[in-house]
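Here is the naming used below: chain letters follow the sequence lines, and residue numbers restart at 1 for every chain.
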Amino acid sequence: MGGYIPKPFMIRTCLSVPLPSDFRFWRTVYSHGWCSLPPFQVDRENRTLSRLLELEDGTLVRCSVSSSGSRLQVEATSAGNITAARRGEIKTQLLDCLRVNEDLSGFHAEARKYREYRWIPPTGAGRMLRSPTVFEDVVKMICTTNCSWSLTEAMVKNLTGILGRPFTGGTGSFPLPAALAGVTESFIRKNIRAGYRSPFLLELSERIAGGKLEIESWRKSPLPTGELFRQVRSVKGIGEYAAGNILKLLGRYDFLGLDSWVRGKYYELHKKGRRVSDKTIEKHYAPYGRWRGLFLWLEVTRAWHE
DNA sequence: GCGTCCAGGTCTACC
DNA sequence: GGTAGACCTGGACGC
């Protein structure tokens, strides 16, 4: 029994994109935990980042990205034709995720002023991996709050596996706001295992899907950072920690985004393990101005790359 | 296997 | 503005 289900005919194409001289592929991939949350997948051995992209017309494309010399190498696979327009969109989305076109010269110039941060410019550190959409970054950030990393991984895996669109031989796409808005709170609790975060995720998705909240424009917002921070904080489920870190993915580094792990690292590095208040930490980084959140993050994760 | 405790941010109510 | 308690899950631990 069981009928024959034909496998879709897959089309494969390769792209090669030039990179700026200060770009470091692996440092960007491993800039924080996002590379291990689906639809991202990381292959440490082959130093490859994979990602299922959903293009504007709905086409799904699996991309395997690596770096050779000064170029980004992309192998793209899809069930549909990968036209010139689609190739352009794949390139745009990937460069945006990897922050390739973000100018870090101001940050590196600032780093050179401080003895403790002079190690940063030669390493090319500073770019933080982000998702193709602000929505995905915000949902994932809510899933990092008040839980272990393994639970975050489970929630995101459920989101892509249950509500995302399937693709041959891998993870599903990240669900669009409408997909998340189309289920109930109890469904999110039971199947995504998001617990008390479920009403927050549902409300966010419903507001976006219903056109009442526009968050994709945050990446190009002309608002001063403090004002943008207040806007981000107005989303239920996003507190000081989550908003501070979402801002980093929007290219603003004025907030520290402290969580228990970062605090612990700070105590280790600066206070011989002794706990201090958040105000003390904020005071420490205040002299570094608009880059303070990035200095803090690179400082506490420095050992990851050594 | 079961029960208890704890860690992890955010929200709301209250002072 | 500051604080306490509730929210939910998974892991650690003791029995």
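Taking atom OH of A/Tyr241 as the reference point, atom C1' of B/dC11 lies 17 Å away to the nearest angstrom. The distance between atom NZ of A/Lys265 and atom P of B/dG8, rounded to the nearest whole Å, is 14 Å. Atom P of nucleotide C/dC8 and atom CG of A/Asn158 are separated by 17 Å, given to the nearest angstrom. In this structure, the CZ atom of A/Arg189 is 8 Å from the C1' atom of C/dC7, given to the nearest Å. Summarising the geometry, the separation between NZ on A/Lys236 and C1' on B/dT12 is reported as 10 Å, rounded to the nearest angstrom. Atom CD in A/Glu203 sits about 16 Å away from atom C1' in C/dC7, given to the nearest Å. Atom CG of A/Asn245 and atom C1' of B/dT10 are 14 Å apart (whole Å). Between the P atom of B/dG9 and the CH2 atom of A/Trp261 lies a distance of 12 Å, rounded to the nearest Å.
Within a 6.0 Å sphere centred on CD of A/Glu116, heavy atoms belonging to other residues, nucleotides or ligands number more than 12. Within 6.0 Å of CD in A/Glu306 there are more than 12 heavy atoms belonging to other residues, nucleotides or ligands.
Toward the 5′ end of DNA chain C lies the nearest nucleotide of A/Tyr196, the other residue of the pair A/Ser150 and A/Tyr196 mapping further downstream.
Counting non-hydrogen atoms under 4.0 angstrom, A/Ala194 reaches nothing in the nucleic acid. A/Ser260 comes within 4.0 angstrom of the backbone, heavy atoms only, and of no base.
For the pair A/Arg197 and B/dT10, the criterion of a side-chain N or O lying under 4.0 Å from OP1 or OP2 is not met.
Tested against A/Phe295, the residues A/Tyr253, A/Tyr266, A/Tyr288 include a single ring-ring contact (aromatic ring centres under 6.0 Å, His included) partner, A/Tyr288.
Closest to the A/Leu151 side chain, of the nucleotides B/dT10, C/dG10, B/dG9, is C/dG10. The side chain of A/Lys279 approaches C/dG2 more closely than any other nucleotide in the set B/dT10, B/dG8, C/dG2. Looking at the side chain of A/Thr145, the nearest of the listed nucleotides B/dG8, C/dG10, B/dG9 is B/dG9. The A/Asn146 side chain lies nearest to B/dG9 when the options are B/dG9, B/dT10, B/dC11.
Every pair tested for ring pair (Phe, Tyr, Trp, His ring centres under 6.0 Å) that includes a residue from residues 141-164 of chain A fails, sequence neighbours excluded, so the list is empty.
Looking at A/Thr59 and A/Asp57, their side chains do bring a donor and an acceptor atom within 3.5 Å of each other.
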